[in-house]
Amino acid sequence: MSHAPINLSRRQLFIHRKITDKPALPWIKEAQFTDLCTQCGACIKQCPTGIIRPSDGGFPRVDFEHGECTFCYQCAEACPEPLFLPKAEPAWHARAVIEASCLAKQNIDCRSCGDSCEPFAISFKLAVGAVAQPQINIAGCTGCGACVSVCPASAITIRNTLLGDANVTE
Ligand code: SF4
Ligand code: SF4
Ligand code: SF4
């Protein structure tokens, strides 16, 4: 008997997780997003930092490899559909996560992410016998993504942090 169905299922789960545990757009109503978004591209044209890009499925998504979110709310104002929460609501519950590929975790001195963080949410803790290790103050992190593109090891991702959130289905 082939193991193909199990592999396919695991692959689909991986893909779904990868898509859903990262924020799509700030202030977006995730549960209605794919039903109501017409893929008109207005938010993409309006974003001053150019971080909103079409995803593989055609829906817009922020891509922090191109820059940061300044929380200007222009994407929400440009959208003709009732898809965005009021600006007074939190933009998202996304925060930066430093993965194992971080250079400091491999004892190579690097502080690029800390230099890029305007809210000073990244600090470096001295360690015995190792280079200083980055630590993220979750309470201070806005999920702006400014630390993502500056990381030479692509070790930082922005992830939704609310378990049980509609965004996280695994
Ligand atoms: S809030 Fe502004 S910077 Fe952030 S994704 Fe929307 S348009 Fe772009
Ligand atoms: S402006 Fe609104 S409807 Fe148009 S692509 Fe962006 S989120 Fe979708
Ligand atoms: S996402 Fe923004 S606020 Fe959070 S650690 Fe990175 S640069 Fe700092």
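Read the numbers this way: they start at 1 and go in the same order the structure lists the ligands and their atoms. Values below: every heavy atom of this structure, side chains too, minus hydrogens, waters and symmetry copies.
Ring pair Phe71/Trp27 is perpendicular by interplanar angle, where above 60° counts as perpendicular and below 30° as parallel.
Of all atoms in ligand 1, numbered sequentially from 1 with element shown, those under 4.0 Å from a heavy atom of Ile52 are 5 (S). Heavy-atom proximity to Cys37, at under 4.0 Å, picks out these atoms of ligand 2: 3 (S), 5 (S), 7 (S), 8 (Fe). For ligand 3, the atoms lying closer than 4.0 Å to a non-hydrogen atom of Ile122 are 5 (S). Atoms of ligand 2 lying under 4.0 Å from at least one heavy atom of Cys43, given by number and element, are 1 (S), 5 (S), 6 (Fe), 7 (S). In summary, the atoms of ligand 2 found under 4.0 Å from a heavy atom of Glu81, numbered by their order in the structure, are 3 (S). Residue contact check: Ile158 has heavy atoms under 4.0 Å from atoms 1 (S) of ligand 3. Taking every non-hydrogen atom of Pro48 and a distance limit under 4.0 Å, the qualifying atoms of ligand 1 come out as 7 (S).
For residues 68-88, every residue pair satisfying the side chain to side chain donor-acceptor pair (under 3.5 Å) rule, not counting sequence neighbours, is listed here: Gln46-Gln74. For the side chain to side chain donor-acceptor pair (under 3.5 Å) condition, the pairs that include at least one residue of residues 145-158, sequence neighbours left out, are Glu99-Thr157, Thr157-Arg159.
For the side-chain contact (heavy atoms from CB on, under 4.5 Å) test with Arg53, the passing option among His66, Arg61, Glu65 is His66; the others fail.
Here the heavy atom of the protein found nearest to atom 5 (S) of ligand 2 is Gly41 N, 3.3 Å. Summary of contacts: the protein heavy atom closest to atom 2 (Fe) of ligand 1 is Cys72 SG, 2.2 Å. At the top of the distance list for atom 8 (Fe) of ligand 1, counting protein heavy atoms only, stands Cys47 SG, 2.3 Å. Nearest protein heavy-atom contact of atom 7 (S) of ligand 1 is Cys75 N, 3.3 Å. Protein heavy atom at the shortest distance from atom 4 (Fe) of ligand 1 is Cys69 SG, 2.4 Å.
Contacts of Thr49 with ligand 1, taken as heavy-atom pairs under 4.0 Å, involve the side chain alone. Only the side chain of Pro60 comes within contact range of ligand 2, with a heavy atom under 4.0 Å; no backbone atom does.
A donor-acceptor pair is defined here as one N or O able to donate and one able to accept, closer than 3.5 Å; no such pair exists between the side chain of Gln135 and the backbone of Lys125. Between the side chain of Gln133 and the backbone N or O of Val131, at least one donor-acceptor pair lies under 3.5 Å. Within the 3.5 Å criterion, the main-chain N or O of Pro82 finds a donor-acceptor partner in the side chain of Lys29.
If you look at atom 2 (Fe) of ligand 3, the protein N, O or S atoms less than 2.8 Å from it are Cys144 SG.
The option from Thr38, Leu25, Thr34 that lies nearest to atom 3 (S) of ligand 2, judged by heavy atoms, is Thr38.
Put simply, the side chain of Cys47 does not reach to within 4.5 Å of the side chain of Cys75, judged on heavy atoms. Looking at heavy atoms from C-beta onward, Cys40 lies in side-chain contact with Pro80 at the 4.5 angstrom threshold. Using a 4.5 Å heavy-atom cutoff, the side chains of Thr161 and Ile138 are not in contact.
Here Leu103 is tied into one hydrophobic group with Ile108, each link being a pair of ILVMFWY side chains closer than 4.5 Å.
For Asp109, the CG atom sits in a packed shell: over 12 heavy atoms of surrounding residues, nucleotides or ligands are nearer than 6.0 Å. No more than 12 heavy atoms of other residues, nucleotides or ligands shown are found within 6.0 angstrom of CD on Glu118.
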